[in-house]
Number of protein chains: 4
Amino acid sequence: MTTSTPVPEQHGATVEAGAAPVVPVGVLGARGRMGTEVVKAVTAAGDLELVAMVDAGDWLFDVANAGAQVVVDFTRPDVVMDNIRFCIDHDIHCVVGTTGFDEERLATVAGWLRAKPDVGVVIAPNFGIGAVLLMRFAQEAARFFPSTEIVELHHPGKVDAPSGTAARTARLVAAARDAAGLPPSPDATTDSLPGARGADVDGVRVHAVRLTGLVAHQEVLMGAAGETLTLRHDSYDRASFMPGVLLAVREVRRRPGLTVGVESLLDL
Amino acid sequence: MTTSTPVPEQHGATVEAGAAPVVPVGVLGARGRMGTEVVKAVTAAGDLELVAMVDAGDWLFDVANAGAQVVVDFTRPDVVMDNIRFCIDHDIHCVVGTTGFDEERLATVAGWLRAKPDVGVVIAPNFGIGAVLLMRFAQEAARFFPSTEIVELHHPGKVDAPSGTAARTARLVAAARDAAGLPPSPDATTDSLPGARGADVDGVRVHAVRLTGLVAHQEVLMGAAGETLTLRHDSYDRASFMPGVLLAVREVRRRPGLTVGVESLLDL
Amino acid sequence: MTTSTPVPEQHGATVEAGAAPVVPVGVLGARGRMGTEVVKAVTAAGDLELVAMVDAGDWLFDVANAGAQVVVDFTRPDVVMDNIRFCIDHDIHCVVGTTGFDEERLATVAGWLRAKPDVGVVIAPNFGIGAVLLMRFAQEAARFFPSTEIVELHHPGKVDAPSGTAARTARLVAAARDAAGLPPSPDATTDSLPGARGADVDGVRVHAVRLTGLVAHQEVLMGAAGETLTLRHDSYDRASFMPGVLLAVREVRRRPGLTVGVESLLDL
Amino acid sequence: MTTSTPVPEQHGATVEAGAAPVVPVGVLGARGRMGTEVVKAVTAAGDLELVAMVDAGDWLFDVANAGAQVVVDFTRPDVVMDNIRFCIDHDIHCVVGTTGFDEERLATVAGWLRAKPDVGVVIAPNFGIGAVLLMRFAQEAARFFPSTEIVELHHPGKVDAPSGTAARTARLVAAARDAAGLPPSPDATTDSLPGARGADVDGVRVHAVRLTGLVAHQEVLMGAAGETLTLRHDSYDRASFMPGVLLAVREVRRRPGLTVGVESLLDL
């Protein structure tokens, strides 16, 4: 591996010319839908170098042999814990987008990391920076508005309503409202068709639209006397998760221990 | 009354310079919320002249004595039928925004008009041209899109959900879908919180948002593979009904008999 | 060719069970970006059968030999006239999305068709039904609103600003305003940074936004006292043109002679 | 002045039951457009008491005699400095919405306050919390998105384009982009009508729409690969500034010295 001059790259990170060495990266689950995108994004990033692609049937040792300093894992819940353990044992930092982490699993990973104080692991349920910012801003703004409702809009193939992200946003908004001592959102409705006023998530109304042609969209509407603040996120493509993944790859080496969620990497 | 040169006026109607005489107009319910707006709008219109303002306690004969050719009625269901009868008897055209007309009342008015073949009466539940256009366009476009849903947004003091306009739009869309033989909108939802997917109005999902600071807003979302068509109407102010009222005042003299709804005046 | 029972298909067209024979379709330019989509769409449609795929280097006679009744042409301006001539001579109906048609070319095609009174040719610059509906509705609504402006939003790789569709919409709106005798949109701006008020297209202001991640979007904003009517079209994908192409394939056999534009097929 | 149990009030501030004494408030410029709103808002707030209304021709001493602890000033640039000096001399806290403050004026007020270490003065150009939050969020999110553009929409009577708020937002976004080392927003436009791409404010494109019926609206659009984040603020009414004014009235007593801008009161 040689030190090259990194090319400035599109999504916000700056690279000091001639300074930082290129970071060798391995991808686990490299042939999956998200893994394929990660491979493309790492390859296109001037300050990262793809040194190993591993999927079911491949040797995990390849990533160590190839000198990977950071591994990105988009695999499956049944193999992800072994992958993380392997990386920590070999002093490789991990960025994990595989789902299925509960408190117990997080505690297990944190336990492994205590023996390796220099290694970092980032585990995030959603690497979409836009979605994470939306949630953060909704949470911050909620206490200033008597009313908040959420409209999420997705393709009609989605099986759950509302979306997990919308439900999570609603709970964060509800908690912020409670903490500020806000009364319930005013609502004089007395004559309603069933379902017209949406689902009630901790007192925040959430409406789920399903429309052919849509992908994944969310709108948080906040109202006060004479004004509305609307926060909207449109996700058209799996590519939208890549800036968050790359940010985690760059940051994980500077953040030993366990980091949960992309939001803590954003320095908001 | 003298023939003046009408001033071109803001909302679309053109007036041939030096040609049309000014139309004398009377307002019934002139001190009510809508009547007050009508008085202002007629006064500001260069091709109309306000000749009589009548409200509870005033003489209805004033409008005839003042030479009104057209009367605008925003009164109450219990007096409106007497008002219309009086106007027809005196050969005065009527524009009626008072609510509470059912088939029987409409038939009664039509009966009265048969004896007066030159007199016109326009009765409309909603004089908002934007709202009427939205309904029309939704109806026309519906058959080209596998999915249509409606989101209406109002101030939190509203007692019914969804709004009458949204429910009516949904029924028009549903009828257009049926006429075109469209199957139900696709929807794979199997795991839903109660209300998340909105109210079902003839198979069209309608979502009602209530937010401090809003007035009256409606959005029709139509989706096909790879595209969305969104029709949105925002009403901020009672003034938004005046262009429709003025249009009816100008058109009613050319349309003898009974006309129901503003849409038929729009020549769409 | 056998008579099968057509499967009802997603984009609105209804097929009477057991009635209509399947229509054999050939695709010219079948390996191009649009052609590939057409091949997929025809294959997926229960009332159509793909019988020939032709691209540069293939024999045009294949479409005739395969019994195609309708040909879809997304090729290039330098070959499209020969393709159309060939189809007309062989009594094959044509749906043409290839660009580059001017008045002269249209007149030439119309001339060829005079000798074949049963053959139909549909030539359209944009098969997106949503985009066509948006233009139509904007045109119809324009005369009721003192103000109309257009905002179009595209990916940053687009070289022209505003988009051709936005410019065309602006011209249609301007013509509708002129026909209704509307004065210029009110605008008190006296202190402006260069470009802030957008481009002036026949008196209609058009604003072009360029944003990473967007595809093709257009918004027509119409304002009157107290209300706004917004018409928005979002196109995410080339698939959005297919309903228009399929509609043309189904309609062209019933419309002998030359038809220009999808709008005339929509029976609006 | 007696200690009452303050009624919880609508816009987010919580009041400990039975604890806080009601704050006596004086309003300067009480008969102006903003002053009238302030009088209404203070009167409606359970934890505040309106003790003095002063306008041109009234005695300034009234506010001191009435025991005002906080004064709200929406007057004119030519009298505001005298008003502030008077209040500071009488140990009355000030909330100032009057325009026309430059660095020199701010320095003068700060100088006066050095002699009165317990007195607080809040001076803000815009008390709209929604607008302030929008600016803040745009600033925070900017570095994560290759593209940011701004669309502001106002009534057609507005003389400047773009609006001061939009221009200020653009400069804040531009500064955040610079600080993060972002390259210019990508833009391949080579063929443009004059003005189509908006005004260039420090490299951020700003588009100004003027439409009959609108009030004051602003949209910040941020794009990355596959996603868009949209922040929108709609202001319909002067009432939308009151929550910010009341927040300042409540906070100013705890913040001795000079505070500029509402944002520093929001604890974001």
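This is a predicted model, so every value here is computed, not measured. So you know, we letter chains A, B, ... as the sequences are listed, proteins then strands, and number each from 1.
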- Query: So which of C/Val151, C/Leu153, C/Asp160 has the biggest tally of heavy-atom pairs under 4.5 Å with chain D?
  - Reply: C/Asp160

- Task: Look at D/Lys158 together with D/Glu152 and state whether they make a salt bridge at an N to O cut-off of under 4.0 Å.
- Result: no

- Query: Should C/His154 and C/Ser163 be marked as a side-chain contact (heavy atoms from CB on, under 4.5 Å) after you check the CA-CA gap, both sets of side-chain angles, and the distance that decides it?
  - Reply: CA-CA 8 Å; C/His154 284 82; C/Ser163 69; 3.6 Å; yes

- Who among C/Ala167, C/Ala199, C/Ser192, C/Ser185 has the most heavy-atom pairs with chain D under 4.5 Å? C/Ala199

- Message: Can you tell whether the side chains of D/Glu149 and D/Arg197 come within less than 4.0 Å, N to carboxylate O?
- Response: yes

- Message: Can you tell me which of D/Gly223, D/Pro194, D/Gly157 forms the most heavy-atom pairs within a distance under 4.5 Å of chain C?
- Response: D/Gly223

- Side chain, backbone, both or neither of D/Thr228 within contact of chain C (heavy atoms, under 4.5 Å): side chain

- With the side chain counted from C-beta on, respond yes when C/Thr165 and C/Asn126 share a heavy-atom pair under 4.5 Å apart, and no when they do not. yes

- Note on the structure: Of C/His207, C/Arg232, C/His233, the one forming a side-chain hydrogen bond (donor to acceptor under 3.5 Å, both in side chains) with C/Glu219 is C/Arg232

- Task: Identify which part of C/Val159 has an atom lying under 4.5 Å from any heavy atom of chain D, answering side chain, backbone, both or neither.
- Result: both

- Message: Is D/Val215 in contact with chain C via its backbone, its side chain, both, or neither, using a 4.5 Å heavy-atom distance?
- Response: neither

- Task: Below 4.5 Å from any heavy atom of chain C, which atoms of D/Arg205 appear? Answer side chain, backbone, both or neither.
- Result: neither

- Residue D/Val209 versus chain C: region with a heavy atom under 4.5 Å: both

- side-chain contact (heavy atoms from CB on, under 4.5 Å) between C/Phe145 and C/Leu229, worked out: CA-CA 9 Å; C/Phe145 294 89; C/Leu229 182 66; 3.8 Å; yes

